[in-house]
There are 2 protein chains.
Amino acid sequence: MNQALICPRFEKAMSIMSQRWTGLVIYQLLAGPKRFCTLESSMSISGRVLSERLKDLEQQGIVKREVYPETPVRIEYSLTDKGMALEPVLREIEKWSQEWLQAE
Amino acid sequence: MNQALICPRFEKAMSIMSQRWTGLVIYQLLAGPKRFCTLESSMSISGRVLSERLKDLEQQGIVKREVYPETPVRIEYSLTDKGMALEPVLREIEKWSQEWLQAE
DNA sequence: TATGTTAGTTACTTTATGTAAGTAATTATA
DNA sequence: TATAATTACTTACATAAAGTAACTAACATA
């Protein structure tokens, strides 16, 4: 019954990018490392889901988590090379949004 | 508390593209018009959600719905110019998936 | 009359996300 | 010394989104 089979790697990529918030988190990290509370307050994501997303992205090798034992502790999230490689995707979404969506 | 404000148009685009299945539906339509049952069987989306997505995408001017009163009725979904303009986004996701994801 | 096809819809269940409060470690303040 | 503050979470519970399976409408064919 399945005619046009979709490449499983592409399907995987789509399942990552089509999770709520994932794209915006990566987009924020393109600008440089960010801490949990900075990410949390720069978009309307809940702490519960942000924590979940960061763990997922870390496990997929897209995000790196680094602990600086200062006081209070500082934990920084940044993109790995694999994560950085998503920049063109985000830039194309940005372009499309500028060309095809109205400002409200 | 909000430091790096995100452009509302970009946020809108992300909210469209980060809905489950939306990207894959658009990807399938890049290859040409498709009927409901073809879309349904080419990925594991449920009919309930496919119907919902197609309505949303039509309302956003990304997808066009055309009825051919044959027997049985044929209804074709295709991309508008706005939808076609998402091709570079999908192509970049495709590229990234080929370079960074393992085939299972 | 019964069966098949396409394009859905409906009712119900499961999963994902949002909300708000709580925790642990440490420092600052009254 | 007790209280409050900060960061980075986690937990319990409520609501929203998605999956499942059965059903409908319109028409055609066996």
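Model, not experiment: these values are computed from the prediction. Numbered from 1 within each chain, the chains take letters A, B, ... in sequence-line order.
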TODO: Look at the side-chain N and O atoms of B/Arg65 and state whether any lies under 4.0 Å from the OP1 or OP2 oxygen of C/dG8.
DONE: yes
Task: Atom-to-atom span, CE of A/Met43 to C1' of C/dG18 - whole angstrom - done: 15 Å
Open item on the list: Checking contacts here: which listed nucleotide (D/dG19, C/dG18, D/dA8) is nearest the side-chain heavy atoms of A/Val49?
Closed with: C/dG18
TODO: Have a look at A/Tyr77 and say if it touches a base, only the backbone sugar-phosphate, or nothing, with a 4.0 Å heavy-atom cut-off.
DONE: sugar-phosphate
- [ ] Quick one: label A/Arg48 by what it contacts on the DNA or RNA (base, sugar-phosphate, nothing), any heavy atom closer than 4.0 Å.
- [x] base
Open item on the list: I'd like to know if the side chain of B/Arg65 and the backbone of B/Tyr77 have a donor-acceptor N/O pair within less than 3.5 Å.
Closed with: no
Open item on the list: So, OP1 or OP2 of D/dT10: does either fall under 4.0 Å of a side-chain N or O from A/Ser51?
Closed with: yes
- [ ] Find the distance B/Arg35:CZ to C/dA7:P and express it as a whole number of Å.
- [x] 4 Å
Open item on the list: Reading DNA chain C from 5' onward, which residue's closest nucleotide shows up sooner: A/Ser46 or A/Pro72?
Closed with: A/Ser46
- [ ] Output yes when at least one side-chain N/O atom of B/Lys55 is less than 4.0 Å from OP1 or OP2 of C/dT9, else no.
- [x] yes
Task: Rounded distance (Å) that lies between atom C1' of D/dA16 and atom CD of B/Glu52 - done: 11 Å
- [ ] Take B/Gln19 and B/Thr71, find for each the nucleotide of DNA chain D with the closest heavy atom, and name the residue whose nucleotide sits nearer the 5' end.
- [x] B/Gln19
- [ ] Take atom CD of B/Glu70 and atom P of C/dT5, then tell me their distance rounded to the nearest Å.
- [x] 17 Å
TODO: May I have the distance from A/Glu58 (atom CD) to D/dC9 (atom P), rounded to whole angstrom?
DONE: 9 Å
- [ ] Taking only the side-chain nitrogens and oxygens of B/Trp21, find out if one of them lies under 4.0 Å from OP1 or OP2 of D/dG19.
- [x] yes
Task: Rounded interatomic separation in angstrom, taking CD1 from A/Ile45 and P from C/dA16 - done: 15 Å
Open item on the list: Looking at D/dT6, I'd like to know if its phosphate oxygens (OP1 or OP2) sit under 4.0 Å from a side-chain N or O belonging to A/Arg74.
Closed with: no
Task: B/Thr80 side-chain N/O to B/Gly61 backbone N/O, donor-acceptor pair under 3.5 Å - done: yes
Open item on the list: If the cut-off is 4.0 Å, is A/Arg53 near the phosphate of C/dT17, judged by side-chain N/O to OP1 or OP2?
Closed with: yes
Task: Separation of C/dA7 C1' from B/Lys34 NZ (nearest whole Å) - done: 17 Å
Open item on the list: Is there a side-chain contact between A/Arg53 and A/Val63 in this structure, where contact means two heavy atoms from C-beta onward sitting under 4.5 Å apart?
Closed with: no
Open item on the list: A side-chain contact here means heavy atoms from C-beta on lying under 4.5 Å apart; do A/Ile16 and A/Ile62 qualify?
Closed with: yes
- [ ] Quickly work out the A/Arg20 CZ to D/dA16 P distance and round it to whole Å.
- [x] 11 Å
Task: Working for side-chain contact (heavy atoms from CB on, under 4.5 Å), residues A/Lys34 and A/Ser42 - done: CA-CA 10 Å; A/Lys34 296 263 178 312; A/Ser42 65; over 6 Å; no
